[in-house]
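First comes the structure, then the notes that go with it.
The sequence lines fix the lettering, A, B, ..., with proteins before strands; numbering per chain opens at 1. Side chains included, hydrogens not; waters and symmetry mates left out as well; all remaining heavy atoms used.
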Amino acid sequence: MNWLSQNLHIVGQLLADHLALSIPPILLSLAISVPLGRLAAGSGRLRAPLLTATGLLYAIPSLALFVILPPILGLPLRSGATMVAALTVYGCALLVRGAADAFDSVPEDVRLAAAATGHSRWALFWRVELPLAGPVLLSALRVVVVSTVSLVTVGAVIGISSLGTLFTDGFQRGIDASIVTGIVLTVAVAFLLDALCVLAARALMPWQRVRA
Amino acid sequence: MIEFDAVRKQYPDGTVAVERFDLVVPSHRVVALVGSSGSGKTTLLRMVNRMVEPSSGSVRIDDVDVRSMDPVRLRRSIGYVLQAGGLLPHRTVADNVATVPLLEGRSRRQARADALGLLERVGLDPAIADRYPAQLSGGQQQRVGVARALAADPNILLMDEPFGAVDPIVRDQLQTELRALQADIGKTIVFVTHDIDEAFALADEVVVLRAGAEIAQRGTPAEILAAPADDFVASFVGAGTARRSLRIREIDGRALVVDGDGRPTGVLER
């Protein structure tokens with residue numbers, strides 16, 4: 001506790017860095033995966049190749065990804081932007097399949113009824129398919145949230161500061177309190193962002209609460 | 001007026017849902033397309049609002065080929081009632097009823113006010129406006145489906161097995177109410193059903209279909225019941241069965257109507 005109180009401002013800064021590295025890739029992978037997932041769900045031919053290709057992205061070792069992404073995207077090697085890009089890749093790897101499953105879960109008769117009552121394709125997507133895909137999409141998103149928050153710590157190895165820096169520093173300097181603080185706060189951030197997703201989903205999907 | 005002119009529907013896999021079908025549905029009339037599954041009746045219905053496009057032939061509404069109309073606008077201008085209501089599960093009752101007005105950009109407040117009026121019109125308590133479809137009984141969902149179809153005040157209503165998913169008592173009630181409603185609003189209604197009794201209960205004209213939407217007979221319920229065109233129609237309407245063979249039996253000076261098994265079905269008023 002003594003260590004923590006003396007290093008509060010550093011820990012606070014690392015916590016802020018951690019959030020700044022976690023939240024953008026979560027939102028970006030959601031924004032990229034929803035249209036790709038819809039595309040995969042709606043097309044018999046695209047489905048298998050699209051899902052296999054995005055799924056395989058997860059097999060790329062993270063350190064290798066940190067090295068190959070900067071030249072491809074024109075980003076500096078050890079930057080937050082590289083980290084965000086890499087985590088977006090992993091996020092999409094998990095979320096595209098989840099989004100495809102989510103759109104598959106929309107009942108066909110509801111889609112038909114919506115079309116028959118005069119929804120354009122655009123209205124069908126925004127007003128019917130996306131909300132009804134919500135519950136399954138949420139489950140997939142929660143996995144991405146937790147996994148992203150945890151993966152951010154890997155960046156500490158290549159010098160991108162986050163709560164992971166507390167482990168690398170703690171190990172090198174033999175400060176157990178630093179290691180423990182890093183682990184506890186990482187779990188806490190994951191828990192907090194997960195809870196925010198659940199709360200947002202409850203507010204956005206009020207019909208889910210009356211089912212029972 | 002809706003005209004089916006030599007329409008044919010062949011699916012890519014080679015199955016022919018509709019061989020060749022001609023029919024004129026006069027304005028303000030209720031026409032039932034009756035047939036068992038595979039008769040192509042639902043395919044015909046969906047051709048009217050372009051949910052299905054004919055392989056050849058044309059469907060015209062008031063002399064305009066539906067193919068020349070934008071499908072989305074066409075569908076908004078036609079009320080469509082689906083089996084089990086076909087409601088959007090994530091929308092409240094009021095929003096479901098107001099589906100088309102909201103799509104057309106009507107203000108939420110105005111759409112809601114109109115929706116409450118429509119709920120009353122179909123015999124529902126406006127207090128259910130903020131519930132979700134899953135919280136309603138089957139009969140209530142069906143009524144909401146009818147209210148939604150009426151929301152844009154369409155000239156045409158298409159109904160696909162409208163009362164197939166509710167129990168017989170509720171079905172009778174809904175049929176009676178629909179007749180009363182139709183007497184009031186006089187829409188052009190085409191509905192499909194496999195239930196000949198439902199067709200007789202609601203339609204001015206009944207079209208009995210064989211496989212491939214071939215017309216076995218068309219006429220008023222009375223004409224079909226009095227003179228079935230052939231054995232197919234006869235067996236479809238149940239001609240000659242105990243249920244359709246009514247006789248009169250005098251009991252204590254009153255004329256009782258009994259069926260072929262001697263079971264009483266009603267009293268003859270004279």
Interface check, chain A: of B:Ile78, B:Leu82, B:Val72, most non-hydrogen pairs under 4.5 Å belong to B:Val72
ask   = Are any of the side-chain nitrogens in A:Arg142 or A:Asp194 under 4.0 Å away from the carboxylate oxygens of its partner?
value = yes
Which of A:Leu94, A:Val146, A:Leu95, A:Val34 passes side chain to side chain contact (heavy atoms under 4.5 Å, CB included) with A:Leu141? Answer is A:Leu95
When rounded to the nearest 0.5 Å, the distance separating CZ of B:Phe21 from CZ of B:Arg8 is 15.0 Å
All heavy atoms of A:Asp17 vs all of A:Ser162, minimum pair found to be CB-CA, 4.4 Å
Rounded to the nearest 0.5 Å, the CE atom of A:Met83 sits from the CG atom of A:Leu75 at a distance of 13.0 Å
Among residues 99-122 of chain B, those lying within the under-4.5 Å heavy-atom range of chain A are B:Thr99, B:Val100, B:Leu102, B:Leu103
Against chain B, residues from residues 101-117 of chain A with at least one heavy atom under 4.5 Å, in numeric order, are A:Val110, A:Leu112, A:Ala113, A:Ala114, A:Ala115, A:Ala116, A:Thr117
Listed by number, the residues in residues 38-59 of chain B that come under 4.5 Å of chain A (heavy atom to heavy atom) are B:Arg46, B:Asn49, B:Met51
Among residues 145-163 of chain B, those lying within the under-4.5 Å heavy-atom range of chain A are B:Arg148
Under the criterion side-chain hydrogen bond (donor to acceptor under 3.5 Å, both in side chains), I'd like the reasoning laid out for A:Ser79 against A:Thr82: C-alpha separation, chi angles, the key distance, then a yes or no. CA-CA 5 Å; A:Ser79 68; A:Thr82 303; 3.0 Å; yes
Value for NE2 (A:His18) from CD1 (A:Ile160), rounded to nearest 0.5 Å, stands at 12.0 Å
Would you please test B:Met1 and B:Arg60 for side-chain contact (heavy atoms from CB on, under 4.5 Å) and show each step?
CA-CA 8 Å; B:Met1 183 174 61; B:Arg60 289 189 296 273; over 6 Å; no
Rounding to 0.5 Å, atoms CZ (B:Phe191) and CG (B:Leu178) come to a distance of 8.0 Å
Rounded to the nearest 0.5 angstrom, the CG-CG distance for A:Leu185 and A:Leu192 is 11.0 Å
Cut-off 4.5 Å, heavy atoms of chain B, and the answer for A:Arg121 is neither
Between the main-chain N or O of A:Pro135 and the side-chain N or O of A:Ser139, is there a donor-acceptor pair closer than 3.5 Å? yes
| task | Step by step, work out the side-chain hydrogen bond (donor to acceptor under 3.5 Å, both in side chains) result for B:Thr193 and B:Asp195. | result | CA-CA 5 Å; B:Thr193 179; B:Asp195 178 357; 5.1 Å; no
For side-chain contact (heavy atoms from CB on, under 4.5 Å), just list the numbers for B:Thr188 and B:Arg29, CA-CA rounded to whole Å, side-chain angles, deciding distance to a tenth of an Å, and then say yes or no.
-> CA-CA 5 Å; B:Thr188 304; B:Arg29 304 286 278 175; 5.8 Å; no
A:Ser33 side chain vs A:Leu30 backbone, donor-acceptor pair below 3.5 Å: no
Separation between CG (B:Leu87) and OH (B:Tyr132), nearest 0.5 Å, reads 13.5 Å
Q: Start with the C-alpha distance between A:Ile183 and A:Phe167, add both sets of side-chain angles, then the distance that settles side-chain contact (heavy atoms from CB on, under 4.5 Å), and finish with yes or no.
A: CA-CA 8 Å; A:Ile183 294 171; A:Phe167 325 149; 3.7 Å; yes
Please report the C-alpha distance between B:Leu174 and B:Gln142 in whole Å, then the side-chain angles of each, then the deciding distance to 0.1 Å, and finally whether the side-chain contact (heavy atoms from CB on, under 4.5 Å) criterion is met. CA-CA 9 Å; B:Leu174 288 170; B:Gln142 203 60 71; 4.0 Å; yes
